[in-house]
Amino acid sequence: MSQTGNRIRPKVIVTRKLPDSIETRMAELFDVTLNLADKPLAEEQLKAAVAEADVLVPTVTDSISAEVLAAAGDQLKLIANFGAGVDHIDMAAAKEKGIAVTNTPGVLTEDTADLTMALLLSVPRRIFEGEKILRAGEWSGWTPTFLMGHRIQGKRLGIIGMGRIGQAVARRAKAFNMAVHYHKRSRLPEQIEGELEATYWEDLDEMLSRMDFISINCPLTDETFRLLNRARLKKLQPHAIVINTARGEVVDEEALADLIEVGRIAGAGLDVFEEEPTINPKLLELENVVLLPHMGSATIEARVAMGEKVLINIRAFADKHRLPDRVIPD
Ligand code: 8YV
């Protein structure tokens with residue numbers, strides 16, 4: 001940590017390329033090392049970074065494991081994550097070492113909910129199948145029965161995890177005249193539930209067996225890892241469609257692919273995967289799945305706002321103020 005005038009300038013290491021305006025401001029405010037080449041850091045490089053930095057700014061692509069944190073020096077006091085999910089950070093190890101963790105909630109909610117709706121429309125309406133046929137020059141013209149899909153209006157959507165993003169999906173689904181259902185560890189306050197006209201299911205299995213669509217919007221934690229395992233996926237109705245814009249590990253991907261292949265589940269829209277950026281080859285072979293490269297928050301507006309949150313959290317740290325987006329481990 002260096003000092004210019006009255007201001008303390010923490011040593012900040014950023015693991016990936018961030019929007020230009022954010023990097024410029026970081027350079028103005030802090031003693032920052034950027035990653036302009038945007039090459040992901042290997043484990044050894046992450047260890048070297050935590051041994052040197054006062055503040056590390058990682059993203060979802062960095063595994064900040066207990067081993068990495070074991071290499072941290074006493075100077076590392078803050079992990080200011082660029083992103084809402086912190087499942088790639090060993091929170092217990094960070095806590096034990098007295099390292100605070102902040103994230104960027106709230107600013108990517110609406111964009112992630114929009115992308116969820118895009119998938120929720122794309123799969124039943126077969127949008128990408130149509131596009132592929134047209135671009136391949138295989139469209140011979142309109143016919144009354146070509147590429148018929150299913151409407152979403154009037155269908156039941158079961159949202160797993162009803163935090164900020166889940167609620168934003170619920171508001172959109174309501175506008176599309178879907179019936180909103182949800183499962184969450186703790187039930188929403190009556191007023192919010194009423195506004196969303198959402199039906200609560202304490203028992204996830206019960207909800208799964210009754211829905212037309214499932215949208216996964218919960219964080220990845222020890223409790224939600226493979227929450228949708230093979231047995232649970234089998235509870236879905238054969239016409240059901242699964243949308244995941246949260247984390248791949250919440251679903252048993254292999255089981256999902258198997259069940260879609262044999263027609264026990266109708267399809268899926270996935271923006272996240274278990275082994276990103278590797279995609280299970282079984283999924284790639286299925287027609288009725290739409291696969292996107294983890295782009296839920298990929299708008300300029302969201303990414304700049306995420307960067308601004310990172311800046312504010314580091315500034316609060318440097319000024320010894322309360323960290324606005326401190327993640328308190330359970
Ligand atoms: C981010 C996300 O792009 O914020 C999250 O948790 O999943 C994404 O929208 C990514 O995490 C950036 O680190």
Side-chain angles (χ1 to χ4, degrees), residues 110-160 165-166 168-181 196-197 208-217 228 233-234 236-246 248 251 253 255-273 277 279-302:
E110 305 300 324
D111 297 310
T112 308
D114 284 347
L115 195 90
T116 306
M117 288 311 290
L119 287 171
L120 194 63
L121 286 163
S122 299
V123 182
R125 294 302 305 270
R126 307 174 67 181
I127 289 171
F128 288 92
E129 273 178 79
E131 221 254 357
K132 217 161 82 187
I133 290 169
L134 184 142
R135 280 184 188 272
E138 289 164 6
W139 185 40
S140 50
W142 189 89
T143 88
T145 54
F146 180 56
L147 273 186
M148 290 186 296
H150 291 279
R151 66 162 65 127
I152 66 166
Q153 177 186 292
K155 302 288 168 65
R156 294 196 172 99
L157 169 66
I159 299 175
I160 300 178
I165 298 173
V169 171
R171 285 197 302 276
R172 285 158 175 74
K174 197 175 149 233
F176 277 85
N177 280 326
M178 298 185 85
V180 175
H181 295 246
L196 298 171
E197 293 173 36
L208 291 174
S209 64
R210 292 169 157 86
M211 296 299 115
D212 304 306
F213 293 88
I214 291 292
S215 176
I216 301 169
N217 298 106
L228 290 194
L233 287 169
K234 281 186 178 167
L236 289 169
Q237 305 186 78
H239 69 266
I241 288 171
V242 176
I243 308 296
N244 189 3
T245 53
V251 187
E253 218 167 60
L256 179 67
D258 289 345
L259 293 167
I260 294 174
E261 196 186 357
V262 298
R264 292 273 309 260
I265 294 176
L270 307 175
D271 182 46
V272 286
F273 305 90
I279 308 297
N280 185 321
K282 283 190 183 173
L283 286 173
L284 291 170
E285 274 164 31
L286 297 169
E287 269 286 281
N288 35 352
V289 301
V290 172
L291 307 170
L292 296 179
H294 197 149
M295 52 195 288
S297 68
T299 65
I300 294 169
E301 293 85 350

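This structure is a prediction, so every number in the text was calculated from the model and none was measured.
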Spatial distance of atom CE (Met211) from atom NZ (Lys155) [nearest 0.5 Å] = 13.5 Å
query = What do you reckon, is CD1 of Ile300 surrounded by more than 12 foreign heavy atoms closer than 6.0 Å?
reply = no
query = Applying the side chain to side chain contact (heavy atoms under 4.5 Å, CB included) test to Leu256, which of Leu228, Leu270, Val289 qualifies?
reply = Leu270
request  = May I ask you to decide if Gly154's main-chain N or O and Asn177's side chain share a donor-acceptor pair within less than 3.5 Å?
outcome  = no
ask   = Leu121 versus Phe176: any side-chain heavy-atom pair under 4.5 Å?
value = yes
task = List the steps, then state whether salt bridge (charged side-chain N to carboxylate O under 4.0 Å, His left out) holds for Lys174 with Glu197.
result = CA-CA 8 Å; Lys174 197 175 149 233; Glu197 293 173 36; 3.7 Å; yes
ask   = Are the side chains of Pro144 and Trp142 in touch, meaning some heavy atoms are under 4.5 Å apart?
value = yes
Non-hydrogen atoms of Ala170 and Leu196 that approach each other most closely = CB-CD2, 4.0 Å
request  = Compare every heavy atom of Ala168 with every heavy atom of Ala113, then report the nearest pair and how far apart it is.
outcome  = CB-CB, 3.5 Å
task = Could you check if a side-chain atom of Leu157 sits within less than 4.5 angstrom of a side-chain atom of Val169, using non-hydrogen atoms only?
result = yes
key: Donor-acceptor contact below 3.5 Å, side chain Arg126 vs main chain Met148   = yes
key: Atom of Leu292, atom of Phe273 and distance for their closest heavy-atom approach   = O-CE1, 3.1 Å
request  = Verify, without hydrogens or angle tests, whether Asp111 (side chain) and Thr299 (backbone) share a donor-acceptor contact under 3.5 angstrom.
outcome  = no
query = Does the Arg172 side chain pair with the main chain of Glu110, one donor and one acceptor, at a distance under 3.5 Å?
reply = yes
request  = Go through the steps for Val251 and Leu233 under the test side-chain contact (heavy atoms from CB on, under 4.5 Å), then give the verdict.
outcome  = CA-CA 9 Å; Val251 187; Leu233 287 169; 4.2 Å; yes
task = Please answer whether the main-chain N or O of His294 pairs with a side-chain N or O of Asp271 as donor and acceptor at a distance below 3.5 Å.
result = yes
ask   = Roughly how far, to the nearest 0.5 Å, is CG of Leu236 from CD1 of Ile241?
value = 11.0 Å
note = Heavy-atom closest pair (Val290 atom, Ser122 atom, distance to 0.1 Å) is CG2-CB, 4.2 Å
remark   = Thr116 and Ser215 have their tightest heavy-atom pair at CG2-OG, 3.3 Å
note = Of all heavy-atom pairs linking Leu283 and Ala257, the shortest is CD2-CB, 3.9 Å
ask   = CG of Leu291 to CG of Asn244: how many Å apart, nearest 0.5 Å?
value = 11.5 Å
request  = Find the distance between NZ (Lys132) and CG (Leu134) and round it off to the nearest 0.5 Å.
outcome  = 13.0 Å
ask   = More than 12 foreign heavy atoms under 6.0 Å from NE2 of His150: is that the case here?
value = no
Atom pair NZ/CG of Lys282 and Asp258 - distance to nearest 0.5 Å = 3.5 Å
query = What distance do Ile152 atom CD1 and Arg125 atom CZ have between them, rounded to the nearest 0.5 Å?
reply = 9.0 Å
message = Could you check whether Thr245 and Thr112, counting side-chain N and O atoms only, form a donor-acceptor pair closer than 3.5 Å?
response = no
